[in-house]
**Q** 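This is the structure, below, for whatever I ask next.
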Amino acid sequence: MSNTVNLTINGFDVSVPKGTTVLEAAELLGIKIPVLCFHKDLCIAGNCRVCVVEQVGSKKLVAACATPVHEGMEILTNSLLVRNSRKHMIELLLSEHNADCTKCYRNGNCELQDLASEYKITNQDFIDLAVSRAYTIDAFSPSILKDDSRCIRCQRCVRTCDELQSVGALAVAHKGDHMKISTFFNKPISEVVCTNCGQCVIHCPTGALIERNYIEEVWTAIADPTKHVVVQTAPAVRIGLGEELGLSPGERVTGKMIAALRRLGFNSVLDTDFTADLTILEEGTELLHRLEKVLVEKDEKYKLPMTTSCSPGWVKFFEHIYPDMLDHMSTCKSPQQMFGALAKTYYAKKIGVDPENIVSVSIMPCTAKKFEANRPEMRDSGYKDVDYVLTTRELAIMIKQAGIEFADLPEEKYDSIMGKSSGAGVIFGTTGGVMEAALRTAYEIVTGREVPFENLNITPVRGLEGVKEAKIKIEGCKPEWKFLEGVELKCAVAHTLANARKVMDLVKSGKADYHFIEVMACPGGCLGGGGQPIPTTPEIRQKRMQAIYEEDMSLPIRKSHENPEVQQLYKEFLGEPYGHLSHKLLHTEYVERQRY
Amino acid sequence: MGKNVLKRIDLIFKHEDDCHEVLQKTLKRSDDELINELIGSGLKGRGGAGFPTGLKWKLTREAQGDVKYVICNADEGEPGTFKDREILATVPYKVLTGMAVCGKIIGATNGYIYLRGEYRYLVKDLEAEINKFHKICDEVGLNFRIKIFLGYGAYICGEESALFESMEGKRGEPRNKPPFPTEFGYMGKPTVINNVETLAHTWTIFKYGAKKFRDLGVQDSRGSKLFSISGDTPIPGIYELELGMTVEEFVEDFGDGDTKAVQVGGASGFCVPRKKFRDIAIGYQGKLTGISLPTGGSMMLFNSSRSMYNVLHNYLEFFAEESCGQCTPCRVGTQQLLQGIKAVKRGEKPAAYLDKLLSLSETMKATAKCGLGQSVANSFQSIVENFREEMIY
C-alpha cells in the first residue's frame, strides 16, 4: 500500500504522507485554516471547531486539525457553508466571553480578537452569556492571574499543564454551561501544585491566563528620586524581546535592550549573566565537593546526582513531587536571586547607596521568577533581595509606553559592576546551557585544561531533544583532584517538567547513575519560558536557541571562571567559592510541599 | 385508541431456558457463518444510530490487535427510554450470550457492561446472572468474562467514545473520529460496542436464524424493536413492534384520541406533528415512499393540553446541562438556543430571531464533535418549524 495520499484542497492537488492531517496538508499549499484550540506543542483536541472545513460528499463538516487525510478526499476551506459555520463558532465564543477587549491585558495579542477582526464580527446578535455569569478572577498567585471571564475553554492550558509539564494543576471541571477550567477543589492556583512556570500563559490564546504584572510598581520606583533602581536582564530576554517589538524571532537585541532600559530611567543596567557565571563557580564547586564527599569519604549526608536549581518552576515541582529527595538539589540560589542578594550588599557598598533605597528589578523570560522573588527564604541581604520581576513581555510594554522606537536605538553596553558576563553565562538561557557552562569550568578547574570539545561547544548537551545525556571522562587531574582521575562524569539534561519527571523517576528507582542533572522547567529552557513573547512555537524556540549560541560565540570570554568581575567579587567580597559568605548570601534551602 | 392495528411481537422478553444449548450450538458454527447470518438478518444498532451490527463485528474482527473488547452500552440515558433496564432485569442471559458470541468471533476474552449509574439497583442480580453465565462459558469451553462498570449519571457517557474515556478513568468527553471504535476503542483496542437491545436481538438471530428476524419489518428496517412509550397515552410501557409502521398507525394504537405530536427518539429525536403522522414511518429508511425516522425507541405522545414551547424548553435545558462542554457548538450553542427561545417568548427578541436560531442549529448539526451536539437540531428544528406560533405567543 502506498504511503502517499492524494487529495485536493480548494481544487488544488496535493500529495502528502499517510497520517497527515487536513490542516497540515493545507499548510503545505499555503492555505491558512484558522485555529484556536490547536497548538503545535500539544496533542490534538478538536474542540473549538473553528477549523472546520467541508469534505465534499459529507453532510458534516470536519475539524481540519483532527482529521487525517485519505485518498481522493476533496476539501473546501472557504465554501459558504464553512464560512457561515466558522462565523457562528466565533460568534458563539464571543457570546460566552468577556469581550471587553479594551480592558484586557491581551488586547492586541489575542487569537480570538484576531479572528473576530478577520471575520468582521461586528454585530453581536447572540445573547451575551458572559454578563449573567459570576466569573471568578484568581489573583492570589504572585505569578499568574486567571480570569475565567476571558476563557474560551479550548483546554490548551489543561493540555499544557498535563502533557508538557506533567503537573496537572489545571483541569476541566463540571459540564455543559457550567464547564470551566479549574483546579483541585477549585482552590486558588497559589494553593495547588502549580509550579508557576507560566506555560499555560504562553499557550493561552486569550487573556484568561496572564502574568501578574508589576509594571506600575516599577514605573513608580523609577519616578521616585530617593530610589536607586537597578535592573538585571536574564540571558533569554535579549533573544526574545525583539519579537514583541516588531523584529523577527532569533534577532539578538542585547545592545538595544540595554539602551532602552537606560531610556526607561533605570539607574543602573546590569546583567543576570554575571550571576550566571557566579552560579557556575558556586555550583561547580558544590558539585566537586559533593563528588569528593560521596566518592571518597562515602559521606551519606551528601547525595548524587546533584540537580541544578536555577529554574524556579523546577524547584517548586521538585518540592511537591520529590519532597523526600530535596538534598539532591544544589543549594545554589538561581542567578536572579544571587544577583538580588548581591545588589543590596556588595553592589550597595561599592556605589555607596543605602540598600534600603535600592530597588532591585529583574527582567525574566519567566513567571515562576515572580514567585521565587517572593519566597520568604529570599531575603538574605536583610531586605527583599529582588523587589519586582517583570517578564520579557512586560518590558516590551514599558518600552512601548515610553514611546521608544526600539529598532532605531543604538547598541549600548551594560554598566559596571555586575554587568560583565561570559558566553557561558549567556547559554543559561537554553536547555543544556547550565550543564555546558558548568562543564567548561569544572573540567578546567580539575584538569587545568579546556574541555575537549571544538570551540568549547559541548554539542551532546545541545538541541531540543527532551532528555539528553553526556559522559565525560576526566583524565590528567591536578594533584588536588586526584580522586576524580579516570571518573566518567555522567550527566543528564532535561527540559519540560514531564521530561524532568522521567529522569527523576529513574533516579528515584535507582535505575540511573548520573552525577549531575540539569533541569529547566520550560520547553527549550528559558528561551521558551512562560514570560517570553507570545506566540512561542517549536520553530520560534529553534531560532531563539540559535541566537543564544551566536551570542555565546560573539563574546570574548566564554568561560565563567574567566569573568573578571566575578574574580573581583571573590577577591573583594566573597572570599572563595562555596565559602562562608557565599553560603549566607548565595545558597538556600528547600521546603517540603504536599501534592495538594 | 387502543385499536391494536400493530402486531405485538414477543421475541425479546420471551423467557427461554436453553442458554447453555444456544451458546454451545452457536459456538460450533464458524465465525464467517455467524457474521453472514448477522449481516443477513439486517439487524441495525438499536441504540438509535442504526449502524449495521454484522458489519461492526466484521470490521472489529478484521482489525489488527492482540487484545479486543466487547462492551454492552447500558447507559440508557435518553429521556423517555426505559427498555434496556427491562431487558437486563428480565432476560439478561440473552445479552450475555450475545456478548460472548461476539467475543468469540472478534477474538475478545473480556466484556463489560457499562451500566447507567441510576440502575445501580440492578447490579446485585446482574452479577449473579453473570456468575451463572461464566459457569456456562466454562462448561462449553469458552474463555470469556464479563464485568459491570457503573456510570455516574452523565448523559454524554452513553456516547461510545466518551464511554471509553469514562471507563479509562478519564473525564467523559467524546473523542475525535476517526479512528472509530472498531479500530481504536476501549484502551485504544478494537472494540465492539453495542446497545443492550441489539445484543438481545442477536440471541434470536443465532437461535432461530436470520430469517425469523428478517421477516419482520420492511425494506432496510428489518426486525422488531422495543419502544418505550410515555406521555399522553392510556397505555404507557414497553412494547415490541415491527419497524416500518407509520406514526399514524402508532398513534391509533397508543394515542389518547387527542394526540397533537409525537416525539420520536427522545430529546435528541424528532417531533412529528399531527399533520405529518401519515407521512412518517419509524425505521432507518423509508417504507416505499415518505420520510422515516430512526430511533432508540423513545416515543413520547403529547396531546393538545401540552405547550410545545415547554417541551422544547425542557429538552434544551437538558442539553445545556448535559453537554460535556468540550466543543463550542454544543456547549455554547445549546445555551444560545435555550436563552434564545426564552428571549423570543418574553418579547425581548423579535420572532425573526427564531430563524437565526434555526440557522445556528443547522451549524451545530454540521460542526459538533459528537452525536449529542449534532442531534440537538433534530428536536429544535422539528418543534420550532411545526409549532412556531407556540414559540412566539
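Just so it is clear: chains get the letters A, B, ... in the order the sequence lines come, proteins before strands, and each one is counted from 1.
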**Q** Contact between Leu81(A) and Glu362(B) at the side-chain level, heavy atoms closer than 4.5 Å - yes or no?
**A**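 Not touching, per the 4.5 Å side-chain cut-off.
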**Q** Among Glu96(A), His174(A), Lys180(A), who wins on heavy-atom pairs under 4.5 Å with chain B?
**A**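 If we count pairs closer than 4.5 Å to chain B, Glu96(A) comes out on top.
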**Q** Take Phe126(A) and Val332(B) through the side chain to side chain contact (heavy atoms under 4.5 Å, CB included) test and state the conclusion after the steps.
**A** CA-CA 10 Å; Phe126(A) 286 131; Val332(B) 197; over 6 Å; no
**Q** Nearest 0.5 Å, please: how far is CD in Gln339(B) from OG in Ser95(A)?
**A**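 It comes to 10.0 Å.
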**Q** Which heavy-atom pair separates Arg49(A) from Thr367(B) by the least distance, and what is that distance?
**A**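 Result for this residue pair: NE-O, 2.7 Å.
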**Q** Got a salt bridge between Glu91(A) and Lys356(B), using NZ or NE/NH1/NH2 to carboxylate O under 4.0 Å?
**A**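 Salt bridge flag = yes for Lys356(B) with Glu91(A).
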**Q** Counting only heavy atoms not in Lys87(A), do more than 12 fall under 6.0 Å of its NZ?
**A**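 It does not: Lys87(A) NZ has 12 such atoms or fewer within range.
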**Q** What is the distance from atom CE of Met179(A) to atom CZ of Arg331(B), rounded to the nearest 0.5 Å?
**A**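 Answer rounded to 0.5 Å: 5.5 Å.
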**Q** Could you check Gln374(B) against Lys59(A) for side chain to side chain contact (heavy atoms under 4.5 Å, CB included), going step by step and ending with a plain yes or no?
**A** CA-CA 11 Å; Gln374(B) 290 163 7; Lys59(A) 277 191 221 161; over 6 Å; no
**Q** Let me confirm one number: the SG-CD distance from Cys154(A) to Gln326(B), rounded to the nearest 0.5 Å.
**A**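 Rounded to the nearest 0.5 Å, the SG-CD separation comes to 11.5 Å.
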**Q** Given the options Cys330(B), Ala366(B), Gly340(B), which has more heavy-atom pairs under 4.5 Å with chain A than any of the others?
**A**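 Ranked by heavy-atom pairs under 4.5 Å with chain A, first place is Ala366(B).
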**Q** Apply side chain to side chain contact (heavy atoms under 4.5 Å, CB included) to the pair Leu92(A) and Gln336(B), showing each step before the final yes or no.
**A** CA-CA 8 Å; Leu92(A) 288 178; Gln336(B) 285 295 349; 3.7 Å; yes
**Q** Taking all non-hydrogen atoms of both residues, which atom of Ala343(B) and which atom of Ile127(A) are closest, and how far apart?
**A**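 Scanning both residues completely, I find the closest heavy atoms to be CB-CD1, 3.9 Å.
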**Q** Tell me, for His88(A) versus chain B, whether the close heavy atoms (under 4.5 Å) come from the side chain, the backbone, both or neither.
**A**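 His88(A) touches chain B through side-chain heavy atoms alone.
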**Q** Assess whether atom CD of Glu321(B) is packed by more than 12 heavy atoms of other residues, nucleotides or ligands within 6.0 Å.
**A**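 12 or below, so no.
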**Q** Go through the atoms of Val52(A) and report whether side chain, backbone, both or neither lie under 4.5 Å from a heavy atom of chain B.
**A**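 Only the side chain of Val52(A) comes within 4.5 Å of chain B.
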**Q** Any idea which heavy atoms bring Arg171(B) and Ala173(A) closest together, and the distance?
**A**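 It is NH1-C, 3.9 Å.
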**Q** Check this for me: Glu183(B), atom CD, are more than 12 non-hydrogen atoms of other residues, nucleotides or ligands nearer than 6.0 Å?
**A**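 Counting other residues, nucleotides and ligands, CD of Glu183(B) stays at 12 neighbours or fewer.
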**Q** Check whether Ala45(A) gets within reach of chain B through its side chain, its backbone, both or neither, counting any heavy atom under 4.5 Å.
**A**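 Contact with chain B involves the backbone of Ala45(A) alone.
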**Q** Can you tell if the side chain of Cys327(B) reaches within under 4.5 Å of the side chain of Cys48(A), non-hydrogen atoms only?
**A**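 No, every pair of side-chain atoms sits at 4.5 Å or beyond.
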**Q** Please round to the nearest 0.5 Å and tell me the distance separating atom OG1 of Thr334(B) and atom CG of Asp177(A).
**A**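 Rounded to the nearest 0.5 Å, the OG1-CG separation comes to 7.0 Å.
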**Q** Could you measure the distance from the CG atom of Leu129(A) to the CG atom of Leu338(B)? Nearest 0.5 Å is fine.
**A**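 CG of Leu338(B) is found 9.5 Å from CG of Leu129(A).
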**Q** Is it the backbone or the side chain of Phe319(B) that comes under 4.5 Å from a heavy atom of chain A, or both, or neither?
**A**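 Answer is neither: Phe319(B) stays 4.5 Å or more from chain A.
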**Q** Answer yes or no: is there a side-chain heavy-atom contact under 4.5 Å between Thr328(B) and Asn47(A)?
**A**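 Answer no - side chains too far apart.
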**Q** Around Gln64(B), counting heavy atoms of other residues, nucleotides and ligands shown, do more than 12 lie under 6.0 Å from its CD?
**A**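 Count not over threshold, so no.
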**Q** Can you establish whether the number of heavy atoms outside Lys60(A) located under 6.0 Å from its atom NZ is more than 12?
**A**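 Yes - once you tally the heavy atoms of other residues, nucleotides and ligands closer than 6.0 Å, there are more than 12.
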**Q** Which pair of non-hydrogen atoms, one from Pro329(B) and one from Met89(A), has the smallest distance, and what is that distance?
**A**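 Smallest interatomic distance, heavy atoms only, reads CD-SD, 3.5 Å.
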**Q** Could you tell me which of Glu348(B), Met364(B), Glu322(B) has the largest number of non-hydrogen atom pairs under 4.5 Å with chain A?
**A**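 Heavy-atom pair counts peak at Glu322(B).
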**Q** Check whether any side-chain N or O of Lys349(B) sits under 3.5 Å from a backbone N or O of Asp125(A) as a donor-acceptor pair, and report yes or no.
**A**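 Yes.
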